[in-house]
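These values consider heavy atoms only, across backbone and side chains, with no hydrogens, waters or symmetry-generated copies. Model, not experiment: these values are computed from the prediction. Atoms within a ligand are numbered from 1 in the order they appear, just like the ligands themselves.
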Amino acid sequence: MTATHEHHSPTAAGSGASATAAFKESSTRRSTAGSSPERVAGIVGDILKAIDDVVHRHDVTYPEYQAAKAWLMSVGEGGEWPLVLDVFVEHFVEDQVSRSQHGTKGSIEGPYYLPGQAKLSAECTLPMRPDEKGTPLVLSGQVRDVDGNPLPGAEVDIWHADDEGYYAGFAPHLPDGNLRGVVVTDDHGRFAIRTVQPAPYQIPHDGPTGALLESAGWHPWRPAHIHLMVRADGHRTITTQLYFEAGEYLDSDVAAATKPELVIAPADDGAGVRRVTYDFELEKD
Ligand code: DHB
Ligand code: FE
């Protein structure tokens with residue numbers, strides 16, 4: 001990272017605070033799971049048993065327990081829980097839930113989704129700065145049901161990082177809504193979205209999450225990716241991400257959220273624009 005990037009790098013505390021606020025505002029995610037005492041006891045009991053197993057297998061010491069306790073406290077104080085959970089844990093849940101979902105493969109939502117973005121017509125350019133950096137990219141495709149019927153009026157809610165790996169709404173130097181939008185498919189369920197190629201994303205590393213990564217010798221990177229949430233009336237919403245063929249960190253994503261079915265290979269059209277097609281298939285709900 002160069003010095004020019006560094007001066008406006010969002011801090012872990014800043015990104016974490018924004019992600020915490022976004023999560024708390026989201027009414028759907030605030031709803032309680034409604035689990036019975038038996039289910040809570042079963043799940044939490046098994047988590048504790050798993051910890052017990054790790055403590056014995058690794059002969060964990062008191063200083064290590066105190067270090068873990070201090071680290072967990074600092075994650076809370078730093079407001080980094082949305083970052084820690086979505087990067088280390090969400091993929092386990094996504095993998096389990098997606099076993100019962102047909103159609104397009106899902107991936108984690110991550111901490112940076114913001115609802116209520118600008119509605120855009122099927123053929124559109126995402127909101128961006130006049131001097132937005134990055135290779136122009138056009139993502140087109142069709143939204144269909146799993147029987148192949150096109151879904152007109154479906155919503156392709158798209159968000160991604162900029163050419164420096166930063167997300168609007170979580171990095172103070174970016175305008176609200178930058179590289180975010182809700183694209184509505186046309187009469188044939190089609191869309192064509194013009195944007196710029198995102199850069200790989202680095203977990204903010206100046207807080208407790210970064211300290212853990214460094215202590216463990218793990219790198220803080222996610223491969224470049226585009227987030228999508230595809231919705232259509234009467235159909236199960238698919239939350240997913242698209243990755244880029246031969247992209248750096250594709251095989252070592254810190255969030256373990258890549259899937260081979262979600263890798264796209266845009267090709268230069270000869271005029272400096274990378275173009276790629278990806279279709280989405282939704283099952284009825
Ligand atoms: C995190 C950030 C992302 O952009 C993402 O897709 C997943 C996780 C994170 O910082 O935790
Ligand atoms: Fe992301």
Mind checking whether His225 contacts ligand 1 via backbone (N, CA, C, O), side chain (CB onward), both or neither, at a 4.0 Å heavy-atom cut-off? side chain
Nearest protein heavy-atom contact for atom 11 (O) of ligand 1: which residue, which atom, what distance? Leu83 O, 2.9 Å
Pro111 to Ala19 - nearest heavy-atom pair and separation: O-CB, 3.8 Å
To the nearest 10 degrees, could you say what angle the Fe ion (ligand 2) makes with NE2 of His225 and NE2 of His227? 90°
Using 2.8 Å as the threshold, say whether any N, O or S atom from His160 sits that close to the Fe ion (ligand 2). no
of all protein heavy atoms, closest to atom 5 (C) of ligand 1 is Arg222 NH1, 3.4 Å
His227 touching ligand 1 at heavy-atom level, < 4.0 angstrom: yes
With backbone taken as N, CA, C and O and side chain as the heavy atoms from C-beta onward, which portion of Ile203 lies under 4.0 Å from ligand 1: side chain, backbone, both, or neither? side chain
Can Asp46 and Lys49 be counted as an ion pair, charged N to O under 4.0 angstrom? yes
Using the six-membered ring wherever Trp is involved, compare the ring planes of Tyr166 and His173 and label them parallel, tilted or perpendicular (cut-offs 30° and 60°). perpendicular
For atom 10 (O) of ligand 1, the protein heavy atom that lies nearest, with its residue and separation: Tyr201 OH, 2.7 Å
When you measure from the Fe ion (ligand 2) to the N, O or S atoms of Tyr112, does any of those distances fall below 2.8 Å? no
Enter the distance from Leu282:CG to Arg144:CZ here, rounded to the nearest 0.5 Å. 10.5 Å
Below 4.0 angstrom, N of the basic side chain to O of the carboxylate: do Lys119 and Glu155 qualify? yes
Just let me know how Pro111 lines up against ligand 1, side chain, backbone, both or neither, with a heavy-atom cut-off below 4.0 Å. side chain
What are the two closest non-hydrogen atoms of Ala154 and Val143, and how far apart are they? CB-CG1, 3.9 Å
How long is the straight-line distance from CG of Asp157 back to NE2 of His227, given to the nearest 0.5 Å? 11.5 Å
Would you mind checking which non-hydrogen protein atom is closest to atom 4 (O) of ligand 1, with the distance to 0.1 Å? Tyr167 OH, 3.0 Å
Polar contact flag, side-chain donor to acceptor under 3.5 angstrom, Asp52-His56: yes
